[in-house]
There are 2 protein chains.
Amino acid sequence: MQLSVKKLVDEFQHACRENDMRITPQRIEIFKELAVAVDHPTAEVLHKRLVVKMPTLSLDTVYRTLGTFSEMGFIDKVETTESQAHFEVSHMPHHHLICEKCKKIIDFVWQQVDEADLPDETRLLGRFEKKNVVVYGVCKNCL
Amino acid sequence: MQLSVKKLVDEFQHACRENDMRITPQRIEIFKELAVAVDHPTAEVLHKRLVVKMPTLSLDTVYRTLGTFSEMGFIDKVETTESQAHFEVSHMPHHHLICEKCKKIIDFVWQQVDEADLPDETRLLGRFEKKNVVVYGVCKNCL
DNA sequence: TTAAATGCAAACAATTTGCAAAACC
DNA sequence: GGTTTTGCAAATTGTTTGCATTTAA
């Protein structure tokens, strides 16, 4: 786990250099915190976790940084019906279970869907590729 | 088309009575407007369309009403990564294509996924049922 | 040294809420 | 008539922006 985060951070720094993006302590910490997060935190939640270690970090830097990371494709916004955005570090294709009670977002993989072709009719509508499944229900803690 | 909207409105009124919800002109108009909408309007867009016919309708009534309808299960929020919520009248299971350029949301049906079982591992995580697929890409107008 | 990133404060956007008046049943 | 819903205004919440200062390269 430790190792894989280190690897992710290395990749991240490398990608920063490639994109002429400066590597700042704030960016590293924000990326790391999101990389180790098992939930799918909001900007505010991330900020709360980070100020403990980095007291001067401002919430707007978190927002700005998440926006930048997202544009770079290094993190993803999770699709929900909430107004607050949730984020995660991009990794292998996966999907989300959302508990309707506690709003927890849980990752799962579903190769069957990843490998399936979209219905033919959708070809006429444009070029669509990135499939994300959101499944609503109740998590085991809330059952 | 006309007929099916009328039918939906009838069902809606019936459901209002069943749920001890008062049938007000605002509620009927909001429901009707959403029922005929081919896009997936936000509260503000709906309000703009409605004030033409109902000049006294306030935006907060639209928000409140959409919230109530949503709780009743008569309409759904569409899952997106945007901050603004998009709505649609609930009908047969379907999924969404989202154009990354113009943000248009397009419905499509995908029985293969509707009928597929979730991966076994998800059973341990809770009880999840309502599958919604969101596919990102570029619509034909933006290609 | 110089352009980009940060922090602060203020602006903005989306949504919610308290309350008195109006409307439904 | 009693209770819910509305419209208004104001408050909240989530997010973005302008600008002077700091910092990475």
Side-chain angles (χ1 to χ4, degrees), chain A residues 9 12-34 40-72 74-75 77-87 103, chain B residues 9 12-31 33-34 40-48 50-72 74-75 77-87 103:
Chain A
V9 174
F12 161 70
Q13 298 205 13
H14 189 254
C16 283
R17 290 196 191 88
E18 296 230 311
N19 291 62
D20 289 317
M21 256 192 57
R22 294 190 177 168
I23 297 169
T24 67
Q26 289 89 338
R27 285 179 173 172
I28 293 180
E29 288 309 313
I30 292 169
F31 182 83
K32 245 195 323 207
E33 192 68 38
L34 193 54
H40 301 71
T42 63
E44 269 176 291
V45 167
L46 266 179
H47 180 251
K48 275 198 188 108
R49 290 179 191 166
L50 286 162
V51 272
V52 178
K53 300 202 163 187
M54 193 178 246
T56 61
L57 179 69
S58 68
L59 177 58
D60 32 292
T61 294
V62 175
Y63 270 110
R64 238 182 305 228
T65 304
L66 292 175
T68 309
F69 288 178
S70 183
E71 274 176 37
M72 287 179 60
F74 244 65
I75 68 172
K77 278 193 181 184
V78 178
E79 42 287 298
T80 69
T81 55
E82 282 186 277
S83 48
Q84 257 192 298
H86 291 254
F87 299 88
K103 310 299 176 195
Chain B
V9 174
F12 161 70
Q13 298 205 12
H14 189 253
C16 284
R17 290 196 190 90
E18 296 230 312
N19 290 63
D20 288 316
M21 257 191 57
R22 293 191 179 168
I23 299 170
T24 67
Q26 289 87 338
R27 285 180 172 169
I28 294 180
E29 288 308 314
I30 292 169
F31 181 83
E33 192 68 40
L34 193 54
H40 300 73
T42 63
E44 269 177 290
V45 168
L46 265 179
H47 180 251
K48 275 198 190 105
L50 286 161
V51 271
V52 178
K53 300 204 163 188
M54 194 178 244
T56 61
L57 179 69
S58 68
L59 177 57
D60 33 292
T61 293
V62 175
Y63 272 109
R64 238 182 305 227
T65 303
L66 291 174
T68 308
F69 287 178
S70 184
E71 275 176 36
M72 286 179 61
F74 244 64
I75 68 172
K77 278 193 181 184
V78 178
E79 40 287 299
T80 68
T81 56
E82 282 186 278
S83 49
Q84 256 191 300
H86 291 254
F87 299 88
K103 310 299 178 196

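Order of the sequence lines sets the chain letters (A, B, ...), proteins ahead of strands, with each chain counted from 1.
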State which of C:dA9, C:dT15, D:dT5 makes the closest approach to the side chain of B:Met21.
D:dT5
Hey, which of B:Phe69, B:Phe87, B:Phe31 is the one that makes ring-ring contact (aromatic ring centres under 6.0 Å, His included) with B:Phe74?
B:Phe31
A:Thr61 has a side chain; which of C:dG7, C:dA5, D:dG7 sits nearest to it?
C:dG7
Spacing of A:Asn19 atom CG relative to C:dA5 atom P, expressed in whole Å
11 Å
Does a nitrogen or oxygen in the side chain of B:Gln84 sit under 4.0 Å from OP1 or OP2 of D:dT15?
no
Take A:Thr65 and B:Asp60, find for each the nucleotide of DNA chain C with the closest heavy atom, and name the residue whose nucleotide sits nearer the 5' end.
A:Thr65
Please report, rounded to the nearest Å, how far the C1' atom of C:dA13 is from the NE2 atom of B:His47.
16 Å
Phosphate-side-chain proximity, A:Thr24 and D:dA24, N/O vs OP1/OP2 below 4.0 Å
no
Pick base, sugar-phosphate or nothing for A:Pro55, based on heavy-atom distances below 4.0 Å to the nucleic acid.
nothing
Rounded to the nearest 0.5 Å, how far does CD of A:Gln13 lie from CD1 of A:Ile28?
4.5 Å
Please tell me if A:Ser58 has a side-chain N or O lying less than 4.0 Å from either OP1 or OP2 of C:dG7.
yes
Test side chain to side chain contact (heavy atoms under 4.5 Å, CB included) on A:Thr65 and A:Gln26; report intermediate values, then the result.
CA-CA 8 Å; A:Thr65 304; A:Gln26 289 89 338; 5.5 Å; no
Which part of the nucleic acid, if any, lies within reach of A:Ala85 when heavy atoms closer than 4.0 Å are counted: base, sugar-phosphate only, or nothing?
sugar-phosphate
Round to the nearest Å and state the distance from B:Phe69 atom CZ to D:dT5 atom P.
11 Å
Could you please name the option among D:dG7, C:dG7, C:dA14 that lies closest to any side-chain atom of A:Thr56?
C:dG7
Between D:dT15, C:dC8, C:dC19, which nucleotide has the shortest distance from any of its atoms to the side chain of A:Tyr63?
D:dT15
Using whole Å, what does the distance between atom P of nucleotide C:dA5 and atom CD of A:Glu29 come to?
18 Å
Without decimals, in angstroms, what is the distance between B:Glu71 CD and C:dT16 C1'?
13 Å
If you assign each of A:Arg64 and B:Thr68 to its closest nucleotide in DNA chain D, which residue comes earlier from the 5' end?
B:Thr68
Enter the distance from A:Tyr63:OH to A:Leu46:CG here, rounded to the nearest 0.5 Å.
10.5 Å
CD/B:Glu29 to CG/B:Leu50 distance, rounded to the nearest 0.5 angstrom?
7.0 Å
Pairwise distance NE2(A:His14) to CG(A:Asn19) - rounded to 0.5 angstrom:
10.5 Å
What is the distance, to the nearest angstrom, from the CG atom on B:Leu59 to the P atom on D:dA9?
13 Å
Can you find a side chain N or O atom of A:Gln26 that sits less than 4.0 Å from OP1 or OP2 on D:dT23?
no
Calculate the interatomic distance between A:Phe31 atom CZ and C:dA5 atom P; express it in whole Å.
17 Å
Rounded to whole angstroms, how far apart are CZ on B:Arg17 and P on D:dT4?
18 Å
Quiz item: B:Arg22 side-chain donor-acceptor pair to D:dT3 base, under 3.5 Å
yes
